[in-house]
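Each ligand, and each atom within it, is numbered from 1 in the order the structure gives. Only heavy atoms go into these numbers, but all of them, side chains included; no hydrogens, no water, no symmetry mates.
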Amino acid sequence: MNYLEKRILKDGIALNSDVLKVDSFLNHQVDPKLMEWIGDQFYQYFAEYEIDKVVTIESSGISPALFTAYFLNVPLLVLKKQNSVLQSNVYSTTVHSFTKGNDYNLTCSKDYIKEGENILIIDDFLANGEASLGACRIVEMANANVCGVGICIEKSYQPGREKLNNLELRVYSLARIESLEKGKIKILEK
Ligand code: G4P
């Protein structure tokens with residue numbers, strides 16, 4: 001069992017059969033040593049793909065993505081969630097959040113993503129996959145390449161992984177949750 005999986009079992013809380021609370025080290029309070037380890041794991045896995053930029057979505061993706069970008073020695077680009085698109089010169093796509101039950105616009109300045117760049121997408125959770133798919137659409141609008149998607153915690157019983165696999169995206173998750181039934185967190189065996 002790896003560092004993140006152990007931490008999830010120690011400090012994660014299965015709020016119900018769908019939602020895993022990790023507020024004490026990832027989503028609210030953040031453990032920098034754990035984020036450093038996560039960044040290094042993504043660095044080791046994706047280093048061979050000549051990544052030009054790491055892309056994440058505000059807000060909880062920022063901590064693991066920053067360490068990943070640091071180890072890869074490339075910039076981190078944070079996609080913004082906005083209710084309305086008032087700016088010009090942005091790429092924008094609508095994302096539906098099943099967990100939160102709302103839609104938002106994911107936006108990115110056209111200045112920061114260039115044609116032909118190799119992009120690594122990093123996020124904290126993979127649930128329904130809509131956030132990652134939205135980030136992929138933004139990258140495609142810029143005619144850049146998605147080289148992979150790095151996920152800290154994948155809820156493998158939800159459809160996100162399958163949606164990304166269907167697009168033949170390279171997905172690497174550090175912890176895969178098999179189930180959260182009856183308050184018990186079950187990690188998927190490798
Ligand atoms: P998706 O991210 O795979 O598209 O799935 P979904 O739309 O259902 O998730 C929406 C938001 O809920 C995301 O955060 C995601 O990280 C978060 N989320 C999904 N499942 C869980 C879970 O089991 N536990 C926790 N703690 N979060 C979950 P967001 O809206 O982007 O918010 P932010 O925290 O990054 O600001």
Side-chain angles (χ1 to χ4, degrees), residues 4-5 7-32 34-35 38-39 42 54-69 76-85 91-108 119-140 146 148-167 169-188:
L4 176 61
E5 291 168 331
R7 188 63 182 271
I8 291 168
L9 292 186
K10 181 170 165 279
D11 292 328
I13 298 166
L15 272 191
N16 52 47
S17 58
D18 271 347
V19 177
L20 174 64
K21 197 167 176 201
V22 288
D23 273 14
S24 64
F25 59 91
L26 182 56
N27 287 144
H28 194 13
Q29 178 170 259
V30 178
D31 179 341
L34 179 64
M35 296 306 119
I38 288 171
F42 288 138
V54 172
V55 164
T56 193
I57 300 163
E58 62 177 356
S59 57
S60 299
I62 295 174
S63 314
L66 180 60
F67 275 98
T68 307
L76 168 64
L77 178 61
V78 181
L79 304 184
K80 309 271 190 184
K81 289 175 190 162
Q82 280 161 352
N83 291 329
S84 63
V85 183
Y91 298 114
S92 169
T93 187
T94 303
V95 172
H96 179 71
S97 168
F98 286 97
T99 304
K100 299 198 171 164
N102 61 354
D103 283 356
Y104 58 88
N105 287 308
L106 201 58
T107 67
C108 171
I119 304 294
L120 171 61
I121 294 170
I122 297 289
D123 211 356
D124 59 335
F125 267 93
L126 177 62
N128 291 286
E130 294 300 316
S132 298
L133 289 173
C136 289
R137 289 195 294 276
I138 296 267
V139 173
E140 280 160 14
V146 178
V149 180
I151 298 292
C152 300
I153 305 175
E154 169 188 323
K155 293 190 290 181
S156 300
Y157 55 90
Q158 291 186 330
R161 153 81 63 165
E162 198 185 337
K163 286 188 201 169
L164 299 183
N165 283 348
N166 287 344
L167 293 176
L169 288 164
R170 192 176 289 112
V171 182
Y172 180 52
S173 304
L174 295 176
R176 302 182 72 185
I177 307 298
E178 186 179 330
S179 68
L180 298 171
E181 298 300 330
K182 296 181 184 151
K184 190 170 161 37
I185 303 168
K186 225 171 148 187
I187 307 270
L188 196 71

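Listed by chain and number, the residues in a side chain to side chain contact (heavy atoms under 4.5 Å, CB included) with Leu66 are Leu76 (sequence neighbours excluded).
Listed by chain and residue number, the protein contacts of ligand 1 are Asp18, Val19, Leu20, Asn27, Glu58, Ser59, Ser60, Lys81, His96, Ser97, Phe98, Thr99, Lys100, Asp124, Phe125, Leu126, Ala127, Asn128, Gly129, Glu130, Ala131, Lys155 (heavy atom within 4.0 angstrom).
Under a 3.5 Å cut-off, the side chain of Ser97 and the backbone N or O of Lys100 do form a donor-acceptor pair. Although no hydrogens or angles enter the test, the distance criterion places no donor-acceptor pair under 3.5 Å between the side chain of Asn128 and the main chain of Glu130.
Between Glu58 and Lys81 there is no salt bridge, since no side-chain N of the basic residue sits under 4.0 Å from a carboxylate O of the acidic one.
No side-chain heavy atom of Leu188 sits under 4.5 Å from any side-chain heavy atom of Tyr157. Looking at heavy atoms from C-beta onward, Asn105 lies out of side-chain contact with Thr93 at the 4.5 angstrom threshold.
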